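Computation of the quantities below employed the complete heavy-atom set of this structure, encompassing side-chain atoms and omitting hydrogens, waters and symmetry-equivalent molecules. As the structure is a prediction and not an experimental result, all values here were calculated from the model. The chains referred to below are lettered A, B, ... by the order of the sequence lines, with proteins before strands, and numbering in each begins at 1.
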2 protein chains.
Amino acid sequence: MSAAPPERADAARNRRRILDAAARLLAERGPTGLAPDAVAREANVGVGTVYRRFGDRAGLVFALLEDRDARFRAGFDATRTAGGGKGTDGDPRTRLREFLHALVDLVVDHLDLLLVAESASPEARYAGRPYREQHARIRELITAIAPDADAEYLADALLATLAPGLVAHRVRERGFDPSRLKAGLDTLVGGIAAGVTPDREPPGPP
Amino acid sequence: MSAAPPERADAARNRRRILDAAARLLAERGPTGLAPDAVAREANVGVGTVYRRFGDRAGLVFALLEDRDARFRAGFDATRTAGGGKGTDGDPRTRLREFLHALVDLVVDHLDLLLVAESASPEARYAGRPYREQHARIRELITAIAPDADAEYLADALLATLAPGLVAHRVRERGFDPSRLKAGLDTLVGGIAAGVTPDREPPGPP
DNA sequence: TTGCGAAACGGAGAAGTCTCCGCTTATCGT
DNA sequence: ACGATAAGCGGAGACTTCTCCGTTTCGCAA
């Protein structure tokens, strides 16, 4: 099942052009500047080409987000691996909490772009690569913490907490501080550990 | 500060007309039929009037949803009050679980309309009356279960689990059964109870 | 090379959402 | 009753997003 034949040279070139133009407009004019029309003009390309390459406005925005997600992922893994240990290696509960805290910062940092994405297509988030990878990572850690839990469900539940619209509402309308989001996630993680493996030993430290 | 002066008679009449027309179109043509243009025509009213009354497409859809939410709320409270006891009165944990289970059904039943609403405005959900009331109700029950927890945060977290886009993804793309959503919520509620109220030993982080 | 089919391009215009503003209507004080 | 005034109305058209399809380009094979 090799499926996808490679992109033709002109197509690849235009994809790059469009992404570059979009990044430029985003930096210069904010998320509002990402109108497909404007991007096409900036990239010296027809509107049709934008749609052929990215499907719709949401696709364009998600492509930009994937870029940032890749950078985030690389940065996160790098500091964890190389960072002189940080002393927490191995304990899945700590690792899960650290990952979630990093995600909170990621979401808060890119809130504007994420809101555009969610607005352009509220369902697309769950189908995209970033979500799938975050979900897989969290699911594994949950399984390590609470083997009997429905890890797939719980991973979605933790991530649901970071939906852009909700975060924006909490932070902007209700005055939440990001640290409160992190503390809340800690509670949820604690609950998962405590609530599902109550039998044997409490999941205490060594 | 009495604020809002009452709506003029013609305004109220048109609001009704528009809502009725919208409900009719929804029944006949599905959520796609809710184009402001079409609704205006069906209601014998100018497009401008639709926008004056409801602000935007999202506002129109949310108005329809509030109606259904009111019905849901009435039905839920009725069965709980009159329903021959059901034997569970008073225990907040059971009450919370029952409420959440009912919400799962509500969301699944109205998924299509909720998706349109979320798509029209991903943030509006959190500002609307249904969300606020559900949130308040859940928050109180959580406080009864775990007085030291950040009930406001946790209420959002439980409701985040029911975001239309996520539910649609789980049910339609990943084949979740609604009962799995209910079971997952039970786990989360259990975790809240176990993780935060130190019945025995705190499942203590350092 | 040259020819050919598949892929990609471009941009006019369809479709949908929303705004603007001149005109109409309701309400209230006199 | 009767203006005065604020509220509401309607729909043309601006603006955005997306589609459609005739034309161009690419890549392969003879």
Side-chain angles (χ1 to χ4, degrees), chain A residues 2-22 25-26 29-64 113 115-124, chain B residues 2-22 25-26 29-64 113 115-124:
Chain A
S2 58
E7 218 164 44
R8 236 170 64 172
D10 49 350
R13 174 172 47 76
N14 282 334
R15 173 184 298 276
R16 256 271 67 75
R17 272 194 197 170
I18 291 167
L19 280 175
D20 292 347
L25 286 180
L26 178 63
R29 306 224 252 272
T32 328
L34 287 178
D37 242 25
V39 173
R41 214 173 316 116
E42 173 82 12
N44 283 313
V45 135
V47 214
T49 301
V50 173
Y51 282 92
R52 165 169 290 273
R53 289 293 126 236
F54 295 96
D56 58 9
R57 190 169 126 87
L60 181 58
V61 176
F62 275 99
L64 285 175
L113 191 52
L115 282 171
V116 173
E118 191 173 37
S119 167
S121 165
E123 305 182 58
Chain B
S2 59
E7 216 166 45
R8 237 170 63 174
D10 50 351
R13 174 173 47 75
N14 281 333
R15 172 184 299 277
R16 256 271 67 76
R17 272 195 198 170
I18 291 167
L19 281 174
D20 291 347
L25 285 180
L26 178 63
R29 305 223 252 274
T32 328
L34 287 178
D37 245 26
V39 173
R41 214 172 318 115
E42 173 82 12
N44 284 313
V45 136
V47 213
T49 300
V50 173
Y51 281 92
R52 164 170 291 275
R53 288 293 125 239
F54 296 97
D56 57 10
R57 191 170 125 87
L60 181 58
V61 176
F62 275 99
L64 285 176
L113 191 52
L115 282 171
V116 173
E118 190 173 38
S119 167
S121 166
E123 306 182 58

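- Taking atom CD1 of residue B:Ile18 and atom P of nucleotide D:dG11, one finds them 13 Å apart after rounding to whole Å.
- In the set D:dC9, D:dT17, C:dT17, the nucleotide with an atom closest to the side chain of B:Asp37 is C:dT17.
- Between the CG atom of A:Asp10 and the P atom of C:dG10 there is a distance of 9 Å, given to the nearest Å.
- Nucleotide C:dG11 holds its P atom 10 Å from the CG atom of A:Asn44, rounded to whole Å.
- Taking atom CG of A:Leu60 as the reference point, atom C1' of D:dT16 lies 14 Å away to the nearest angstrom.
- Following rounding to the nearest Å, A:Arg41 (CZ) and C:dG11 (P) show an atom-to-atom distance of 11 Å.
- Heavy atoms of B:Arg8 sit under 4.0 angstrom from at least one base atom.
- Taking CG from B:Asn44 and CG from B:Asn14, the interatomic distance works out to 10.0 Å, rounded to the nearest 0.5 Å.
- OP1 or OP2 of D:dC9 sits under 4.0 Å from a side-chain N or O of B:Arg53.
- Closest to the side chain of A:Glu7, out of D:dC9, C:dC18, C:dA8, is C:dA8.
- Judged by distance alone, with hydrogens and angles left aside, the side-chain atoms of A:Arg53 form no donor-acceptor pair with the main-chain N or O of A:Arg16 at under 3.5 Å.
- Among D:dC18, C:dA8, D:dC9, the nucleotide with an atom closest to any side-chain atom of A:Val47 is D:dC18.
- Residue B:Arg52 is classed as a base contact, given a heavy-atom separation below 4.0 Å to a base.
- Atom CZ in A:Arg15 sits about 10 Å away from atom P in C:dA8, given to the nearest Å.
- Place B:Pro36 and A:Pro6 on DNA chain C by their nearest nucleotides, and A:Pro6 ends up nearer the 5' end.
- The side chain of A:Thr49 contributes no N or O atom lying less than 4.0 Å from OP1 or OP2 of C:dA8.
- Atoms OH (B:Tyr51) and P (C:dG16) sit 12 Å apart, rounded to a whole Å.
- If you take CZ of B:Arg13 and P of C:dT27, they are 10 Å apart, rounded to a whole angstrom.
- Atom CZ of B:Arg17 and atom CG of B:Asp10 lie 10.0 Å apart (nearest 0.5 Å).
- Between the CD1 atom in B:Ile18 and the CZ atom in B:Arg13 there is a gap of 10.0 Å [rounded to 0.5 Å].
- B:Ser119 contributes atom OG, which lies 8.0 Å from atom CD of A:Glu123 (distance to the nearest 0.5 angstrom).
- Within the 4.0 Å cut-off from OP1 or OP2 of D:dG8, not a single side-chain nitrogen or oxygen of B:Asn14 is found.
- Which of D:dC9, C:dC9, C:dA26 sits closest to the side chain of B:Ala9 comes down to C:dA26.
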